[in-house]
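See structure below.
In this chain, numbering begins with 1 at the start of the sequence shown. Heavy atoms only: backbone and side chains are in, while hydrogens, waters and symmetry mates are out.
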Amino acid sequence: DRLSSRRRLSPCNKLIVAFSAIYGTVFFVIMLNVLGLYGHGIMPLFPMQRENVSWVFVWLLQTVFD
C-alpha cells in the first residue's frame, strides 16, 4: 500500500508531465515544418544565412525554445 502511493502522480506532477509532452510535441512538429523531414525544408539549418533576417529570427526562436 505504501509503495503504490509513491507511484501515483500528484495533480501538480500530472500537469507538469502533460505540459512537457505537449511542449515537446509542438516543438517537434515545428522543427519538422521548418527543417523538412530530411533537413531540406523551408529553412535548413546549414549553411548559416546571417543576411536573411527571417531565417535568423526563426533560428533564434528555435534556439531559445530548445
Side-chain angles (χ1 to χ4, degrees):
D1 203 25
R2 187 174 157 197
L3 184 61
S4 65
S5 66
R6 287 185 182 177
R7 291 184 182 173
R8 293 185 193 146
L9 290 176
S10 69
C12 183
N13 286 345
K14 287 180 183 179
L15 183 64
I16 291 170
V17 169
F19 175 77
S20 298
I22 292 169
Y23 183 86
T25 302
V26 169
F27 184 79
F28 180 72
V29 169
I30 289 172
M31 287 301 289
L32 285 180
N33 187 30
V34 170
L35 297 178
L37 192 57
Y38 298 106
H40 301 290
I42 299 167
M43 295 185 174
L45 289 177
F46 299 104
M48 299 281 285
Q49 302 174 21
R50 294 182 183 143
E51 296 81 25
N52 186 346
V53 174
S54 63
W55 184 92
V56 171
F57 180 71
V58 170
W59 177 84
L60 178 64
L61 284 179
Q62 293 296 330
T63 301
V64 168
F65 288 107
D66 185 26

| Quick one: CD on Gln49 to CH2 on Trp59, what's the gap to the nearest 0.5 Å? |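 Rounded to the nearest 0.5 Å, the CD-CH2 separation comes out at 12.5 Å.
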| message | Just checking Phe57: does its CZ atom have more than 12 heavy atoms from other residues, nucleotides or ligands closer to it than 6.0 angstrom? | response |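 At most 12 heavy atoms, drawn from other residues, nucleotides or ligands, come within 6.0 Å of this atom.
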Can [Y] be reached from [X] by stepping across I, L, V, M, F, W or Y side chains whose heavy atoms are under 4.5 Å apart?
X     : Y     : answer
Leu15 : Val17 : no
Val64 : Val29 : no
Val53 : Trp55 : no
Ile22 : Phe19 : yes

| What closest approach, in Å, do Leu9 and Lys14 show between heavy atoms, and which atom pair accounts for it? | O-CE, 3.5 Å
| message | So Leu61 and Val58, do their side chains get closer than 4.5 Å, heavy atoms only? | response | no
